[in-house]
S.K.: 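The structure's right below; bear with me while I get my questions together.
Keep in mind that what you see is a predicted model, and the values were worked out from it rather than measured.
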Amino acid sequence: MKNLSKVSLVAVVSAGCFLTSAQAQEIATWAGFRTAAANFTFDDGAPSHVSDAGPLFDKYGYKATFNVVVNWNPNWSGFQNMAKNGHEIASHSNTHGQNMSGEEASSKQSIQSKITQDYGCLVVAYPNCNVPNQAAVNQNYIAGRICNGSWQGGSDIMGKNGPSDWTKVSAIMTGSEGSIKSTSDFTGQMQKAIQQGGWVAFLTHGFSGKNNGNATYSPTDISAIEGALQWAKQNDSKIWVTTMRSTVMYIKERNASKIEAVSSAAAGTMAFKLTHNIADNVSKYDYPLSIRVKNSNNWTKVSAMQGSKAIDASISDGYIYFDAVPNGGDIVLSSDGAAVTPGSSSSETPASSSSVSATPFKGAIAVPGTVEAENYDVNAFSHSNPENEAPDYRSDNAGIVKGASGYAVGYTTAGDYFEYTLDVKSAGKYKVAVNGATGNASAGTVTVAVGSSSTDVAVKNLGDWDTYSESEGDEIQLAAGKQTLRLTINDDNLNVDWIKLTGDGTANPVVTPGENQGQESGNVPGGDDGTAIKPIRLEVASGMVKCQVFDMNGQLVKSVNVAAGATREVWNRAQAGLSAGMYIMRYGQAGKAMQTVRVRK
C-alpha cells in the first residue's frame, strides 16, 4: 500500500510525499515508517487505570491516553508517575456534566497544576460525547475526542490526515455497551487501519472485576486489551500504538512540514532543513518526524546531528533513516559514523511506505560475541527515567551512563527493557554472561531472552554503581541468522555494561518429543523433511500451571497461569484471545516445563 503521493521536486519534499527515482528525501506518513496508527484512550480517571492499565501498557512498551475528571478525586500521584513514564494525562472535564462548556480552560489548568508532563494537557475527551464550545476547545487543546465517529456522522477509521474538524476526533467504544469486546474486535479494527493507511482510536472506561471508582459504564475485559497489545507487538512495524497527543501532533506537523537539502554541505556530509510554519498558543509542535533520505553515495556508516545535538541514524534498504524535530536546526549526516550493515542499494521506488521501525544502532551483532548494552536498536527500548549522561552518544534519553571502560545502560527501573538485533552464525546453545553493577543494598537480576529461550542473570552488589562484575546465567537456545535479544531489568537501579554470548553452535531442536510420554492424537506438520512434530502430553496434578505461548518465530505472545490437570486443558484455557494459527506452548510447574506445538482454529 502506498501512503505517499508523488511530487516532482528534488530539493524540497513536503510531508507525506512519495519518492520518485530522482528524489532524495521523504517524511513518513506515520512514525517509524509504519502503515497506520492506533490510540488506546481511557475515560474518568479510574483507580484501575493506575493499578492495572498503566502497568499493562508498560509491560509491552506502549503508551496510552488517560482522560481524568478533575473533581472525581483521581489518584494524582499515580497519574503523575504514569505521565513520567510517557503516558498522556488529558482532560475529561471538571464535573462530567452533560456538557462541559465553561470547563474547557479550567479543567486544563487544574490538570496542569497537578501533572507535569511533556507539552502539558493538550487533548480533551468530552463527557457524554457532547461537543461543547468549539472555539474554547480550539483555544486550549490541539484536539477534542468524541465517541464513535459513525454515531456522529463520521468514520470509525480516520484517514492519514485525521478528521476535517479537530474538535471531533472519533473513538470506538469498548466493553459491554460498545462494539469492541474481544481481542479479535480490537485487532480487526487495527487491521482495517493498516489496510486503509489510517488511524483508529479506542474509548474504554473501567475493567470487568477491577476497582473502577466512578468509571462503571461499559466495563471491558482487560485481557482483551492485553491480547490486542500482544498482537500490536507482533505487528509493530505496521501499527504505531501511541498517545492521542503524539498522533495529532505528528499529523499536524507532517502536513505542514517540508524538508530541503542544503547545497553547501561539506564533503562527506549531507545537510537538510526540516521546517513548518504552524504557530498558535496551544503547543510548540516540535514532535520528531521520521525521515529517510536516499543513500545515493552507498555509505556503510553514518552519524547524525541536529543543531548541536546528536540524533540516531541508521542505514537500511538503500536509505538513511532518522527522526528530527521541525525547526530544530540543520540536520547534518556524516559518513564517518559507526559501521552498520548496509541495506539494499536499489534505486527503485519501494512498493510500500512501511519500513523497519526498530533498526540496529551499529549493525546486527555477531554471535558468538559481546552485546554492548548501550548499543540497543534504534526505537527498541522502554526506559522510565529520562536521565542520560551521554547525549553525545545516544540522544533518546534511555539512561546511558559513563564508566571507566566506556558506556553502559543505567538509571533503570524494574520493567525497563532494551532490544538488540543479533546475527547468529550457527544454531545451538549459547552461554550467557552479564557485566553489571548496582549500589543497592542487595543484588538484582536481569533477564536475557531471545524468542522463547531465556535466562535470569544476577547483577551483584559490590558497593556502588561504578564497580562492575561479571555473572553467568544458563544457556539459551538460538536459531541461526537474524533475531532479537531482549534485556529486561527486573530490579530498580541496575547498570548493565555488556552481555556476552559464547558457545560452539551445536544445534539443538526447539521441540523434542519426550521419552516414555504419551502422545496426543493428531500430529502437527513440522520438519523440512516432511516429518511431523509430535506434541508432548504432560499430565499434571490439578492446580495452577504456568503457561507461555509463542508464535512460530519464537516470539512470546501470551503468558498466563491456568487451573488445569492435563495438556489439553492447559491449551483450552491458554488459547483464548489468540488469532488462528500455529503456536508453541510451554507449560508445567517449576523444573518440569514441557513444550508442544498447538493449532488455534
Side-chain angles (χ1 to χ4, degrees), residues 1 30-42 52-65 156-158 171-175 178-204 207-208 220-244 247 352 354 356-358 379-380 382 417 419 449 451-452 483-484 486 547-560 571 573-586 598-601:
M1 179 181 297
W30 299 110
F33 282 83
R34 294 176 177 89
T35 311
N39 304 154
F40 289 78
T41 72
F42 298 87
D52 297 274
L56 175 61
F57 278 77
D58 291 341
K59 174 182 176 181
Y60 292 95
Y62 290 129
K63 307 306 175 188
T65 295
D156 290 339
I157 305 297
M158 293 170 282
I172 308 175
M173 185 81 71
T174 74
S179 59
I180 306 294
K181 296 178 172 62
S182 65
T183 290
S184 60
D185 292 334
F186 280 103
T187 59
Q189 293 298 327
M190 287 191 281
Q191 287 172 324
K192 286 183 182 179
I194 291 171
Q195 292 165 0
Q196 298 176 26
W199 167 31
V200 63
F202 301 107
L203 188 175
T204 300
F207 307 114
S208 303
T220 299
D221 182 356
I222 197 169
S223 67
I225 296 178
E226 178 160 23
L229 297 181
Q230 291 171 344
W231 182 91
K233 200 69 178 176
Q234 290 179 291
N235 294 275
D236 190 73
S237 64
K238 299 178 181 178
I239 190 79
W240 180 33
V241 177
T242 188
T243 63
M244 184 164 284
T247 308
S352 170
S354 176
V356 290
S357 57
N379 298 325
S382 176
Y417 69 82
E419 292 184 343
S452 61
Q483 52 205 292
T484 300
R486 174 176 284 202
C547 176
Q548 293 176 302
V549 181
F550 304 86
D551 64 22
M552 297 308 290
N553 293 318
Q555 297 299 313
L556 179 66
V557 297
K558 190 172 187 179
S559 180
V560 293
W571 175 243
R573 289 163 174 78
Q575 66 176 307
L578 297 178
S579 302
M582 188 176 293
Y583 297 90
I584 299 170
M585 181 176 72
R586 177 183 291 176
R598 287 285 174 171
V599 176
R600 166 72 163 165
K601 297 181 179 179

S.K.: Mark yes or no for whether Asn39, through its side chain, and Thr242, through its backbone, hold a donor-acceptor pair below 3.5 Å.
M.R.: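 Side chain of Asn39 to backbone of Thr242: a pair is present.
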S.K.: Taking C-beta and beyond as the side chain, do Trp30 and Ile239 meet within less than 4.5 Å on heavy atoms?
M.R.: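 The answer is no; the side chains never approach within 4.5 Å.
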S.K.: Run the side chain to side chain contact (heavy atoms under 4.5 Å, CB included) test against Ser223 and tell me which residues pass, sequence neighbours left out.
M.R.: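 Ser223 satisfies side chain to side chain contact (heavy atoms under 4.5 Å, CB included) with Asp221 only.
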S.K.: What's the spacing between Thr220 OG1 and Met173 CE if we round to 0.5 Å?
M.R.: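 CE of Met173 is found 9.0 Å from OG1 of Thr220.
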S.K.: Under 6.0 Å between ring centres, would you say that holds for Tyr60 and Tyr417?
M.R.: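 Tyr60 vs Tyr417: aromatic centres not under 6.0 Å.
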S.K.: How close do Ile157 and Ala193 get, counting heavy atoms only, and between which atoms?
M.R.: CG2-CA, 4.0 Å
S.K.: One thing to verify: whether Asp58 and Lys63 come together as a salt bridge, which I'm taking to mean a side-chain N less than 4.0 angstrom from a carboxylate O.
M.R.: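 Yes, Lys63 and Asp58 are salt-bridged.
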S.K.: Taking only residues two or more places apart in sequence or in another chain, which ones pass side chain to side chain contact (heavy atoms under 4.5 Å, CB included) with Gln191?
M.R.: Trp231
S.K.: Look at the side chain of Thr35 and the backbone N and O of Ile194, then say whether any donor-acceptor pair between them is shorter than 3.5 Å.
M.R.: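 Checking the backbone N and O of Ile194 against the side chain of Thr35, no donor-acceptor pair under 3.5 Å is found.
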S.K.: Between the side chain of Thr41 and the main-chain N/O of Phe202, is any donor-acceptor distance below 3.5 Å?
M.R.: yes
S.K.: The criterion is ring-ring contact (aromatic ring centres under 6.0 Å, His included); which residues satisfy it with Trp199, sequence neighbours excluded?
M.R.: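 Trp199: no ring-ring contact (aromatic ring centres under 6.0 Å, His included) contacts found.
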S.K.: Could you check if a side-chain atom of Leu229 sits within less than 4.5 angstrom of a side-chain atom of Leu56, using non-hydrogen atoms only?
M.R.: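 Yes. Closest side-chain heavy atoms under 4.5 Å.
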S.K.: Run the side chain to side chain contact (heavy atoms under 4.5 Å, CB included) test against Ser182 and tell me which residues pass, sequence neighbours left out.
M.R.: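 Partners of Ser182 under the side chain to side chain contact (heavy atoms under 4.5 Å, CB included) test: Ser184, Asp185.
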S.K.: With the side chain counted from C-beta on, respond yes when Gln189 and Ile172 share a heavy-atom pair under 4.5 Å apart, and no when they do not.
M.R.: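 Of all side-chain heavy-atom pairs linking Ile172 with Gln189, at least one is under 4.5 Å.
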S.K.: Work out which heavy atom in Arg34 is nearest to a heavy atom in Lys238; give both atom names and the distance.
M.R.: CB-O, 3.5 Å
S.K.: Are any side-chain N or O atoms of Tyr62 and backbone N or O atoms of Trp240, one a donor and one an acceptor, separated by less than 3.5 Å?
M.R.: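 Not at all, since once roles are kept as given, no pair shorter than 3.5 Å links the two residues.
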S.K.: Is the closest side-chain heavy-atom distance between Val200 and Asp156 below 4.5 Å?
M.R.: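 Sidechains of Asp156 and Val200: no contact.
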S.K.: Mind checking what makes salt bridge (charged side-chain N to carboxylate O under 4.0 Å, His left out) contact with Lys233, not counting sequence neighbours?
M.R.: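 Partners of Lys233 by the salt bridge (charged side-chain N to carboxylate O under 4.0 Å, His left out) criterion come out as none, since no residue qualifies.
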S.K.: Going by the rule side chain to side chain contact (heavy atoms under 4.5 Å, CB included), which residues pair with Ala228 if we only count those two or more places apart in sequence or in a different chain?
M.R.: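 Result, side chain to side chain contact (heavy atoms under 4.5 Å, CB included) vs Ala228: Phe40, Phe186, Met190.
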S.K.: Any sub-3.5 Å donor-acceptor pair from Thr174's side-chain atoms to Leu203's backbone N or O?
M.R.: yes
